[in-house]
Each structure stands twice: as C-alpha cells, then as structure tokens.
Amino acid sequence: MNTLFTETSSMKITCHTCMHRCCLSPGQRGICLARKNSDGRIVCDNYGMVTSLALDPIEKKPLKMFRPGSLVLSVGSFGCNLKCPFCQNHEISMVGREEAEETVGAVFLSPEVLADKALACKPMGNIGVAFTYNEPLVGWEYVRDTAKLVKEAGMDNVLVTNGSASLEVLEEILPFIDAMNIDLKGFNESYYEKLGGDLESVKRFIARASEDCHVELTTLIVPGENDSVEEMEEEAGWIASLAGGAEMPLHITRFFPQYRTKDKEATDVELVYRLAGTAKKYLKNVFTGNC
Ligand code: SF4
C-alpha cells in the first residue's frame, strides 16, 4: 500500500499513519521519530530495527482471556506517537534511530528471521509474536509483513497498541492479528491532549478492531488525571455500548512514579479497587493490575 501519505507544496509530504498527520519536509522526522520524509516518500525508519526481544507470559501483555498460560515472543522497536510523561519504556519509545542504535543497541531482524525465531521457540510454549514495548503501529509495515509470515507458519499475532493509528493502518494489519491489548488512557479529551493524543481516534480504533479480533483494554489510573468515579462510569458505559462490549476485558492498573512523573504518588490501591467496582456495573471481565 502506498496511499498513506499525500504530497503537498514545496516537497512536503503528509503522513497519514496517525492522527498527527505530520507534514514533513525532506529529511524531517515525524513526532513519533520512527517515520520520515526520504526523497519525497514517507518511509518507516524503524522497519525491522529491534530494541527488545523476549519470550513473555501472555498475561504480561496484559491479555487474560486469550490463550492463558502461554508464552509469546515479544518484540519492540523505537518510537511512539504519544508523549506520556509516565512511560515505562521511554528509553525506546522516545528516541529516534541514531539513539536506538547507539544507546539501546537496536539490530535489524527481517520479518523472515523473526518469524523463524518464533517457530523455533514453539517447543518452549511460544504461540507466536507480540508486537509491543514501543508503539508498534508507527512501524505498521513491519507488523504487517512479519505477522503475515507468522500466520503462514500456523502461529498467532498479538498487538499491544495505544490505538492512535488511523483506520487505514488498522485495515492493513487486522487480517493478521489475533488479539490486541489497546490502551484506553482515560475518558476525557483534555487528558488525551496532555499526552499528545486524541480520544475520538482511539474510540474509533477500538470499535473497529473489536469487530474482527479479540480485544482487551487497559486503563492506567494516574492520580489527579483520570481517577474519578464519574469518568470510569462514562468509560465503562461506552465500552459496554459496543457490540459484545460487555464481555470485553478491561484491565485497570495502578500507576507508579517514573520518567517525568517522579513527583507523583503511586495510585492508592483502594481507589483502583473502587474504580474496578464501578466498571463491573457495566462489564463482566474487569481485572486490576499492579496492586
Ligand atoms: S506516524 Fe509518526 S510521522 Fe506519521 S503522522 Fe503519526 S507521528 Fe507523524
């Protein structure tokens, strides 16, 4: 597919991969640091550049209701289209290619090599590949190419995403993805704006993804930002309104201070349980995390 960018005047090109619609001059990188204008085309600068690779329990993604007890070969690159000040993977999500190579030691793994590694790990209980750690969809071409090979090998694909990619990108990868965990960071637009995102884009992404694949959602409760009972009422009510939404698992997790939020307190455990109780009025499968 080559329609996910448009040419504008003076050699600038607009990237359509996510809601930012970055308009890039020749050589310029987008907000995500993973895509750039190269010779008049938007290219995926992190294609195959792997910063992290581990055989993880599926519950760590987190996925509770998709092949429980299994392991999944989890791969990450660099770059992200959000700027969350509490990101636990900021060493890889907030850097571009040079830093990923020099500081984090990113190495190239072709889709073929990664799919072969997944197959080689099958005897250890591996079910396939999870695209995770940074935001995988700023490099959606690698997800698509690898996931296709993984499916051909008879294995599964998991995507852990912030759900901020465009619906065109979602359609590209959806045929190959078996399960997703999508961050729903809160349910108010001003909070999403602070993080550099857009709530409506994420809602559209969740609604479409859940039509064709197993979706679980995660909301990290950050004190003073998205921690009101009213907001959780709204969020859980909206999830329940989707087709099959009352069954959709929701993980409500506890924040710990890190990266640029070291001045905040960890979320009160009782508050996490109270918000989970609120969500349970609408949803059948609510899980708490980090408590
Ligand atoms: S994917 Fe990156 S370059 Fe493309 S619009 Fe989003 S932030 Fe900008």
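Remember, it's 1-based here, ligands and their atoms both numbered in the order they're listed.
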Can you give me every donor-acceptor pair (side chain of residues 19-29, partner residue at least two apart or in another chain, under 3.5 Å) with its distance?
unit_1 : atom_1 : unit_2 : atom_2 : d
His20  : NE2    : Asn81  : O      : 2.8
His20  : NE2    : Gly196 : O      : 3.2
Arg21  : NH1    : His16  : O      : 3.4
Arg21  : NH1    : Cys18  : O      : 2.8
Gln28  : OE1    : Ser25  : N      : 2.9
Arg29  : NH1    : Glu98  : OE1    : 3.3

Note to self: Just verifying a value: how many Å separate Phe78 CZ and Asn46 CG, rounded to the nearest 0.5 Å?
What the structure shows: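 It is 4.5 Å, given to the nearest 0.5 Å.
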Margin query: Could you check whether Glu216 pairs with Lys61 (Lys NZ or Arg NE/NH1/NH2 to Asp/Glu carboxylate O, under 4.0 Å)?
Written below: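 So Glu216 does not pair with Lys61 through a salt bridge.
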Item checked: Cationic N near anionic O, under 4.0 Å, Arg144 to Glu141 ->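 No, this pair does not count.
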Margin query: Between Lys185 and Glu225, is the salt bridge (Lys or Arg N to Asp or Glu O under 4.0 Å) condition met? List the steps.
Written below: CA-CA 10 Å; Lys185 293 188 182 281; Glu225 302 288 356; over 6 Å; no
Margin query: Parallel, tilted or perpendicular, judged at 30° and 60°: which one describes the rings of Tyr191 and Phe86?
Written below: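 Parallel: the ring planes of Tyr191 and Phe86 meet at under 30°.
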Check: Which protein atoms of type N, O or S are found under 2.8 Å from atom 6 (Fe) of ligand 1?
Finding: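 Near atom 6 (Fe) of ligand 1, below 2.8 Å, one finds Cys18 SG.
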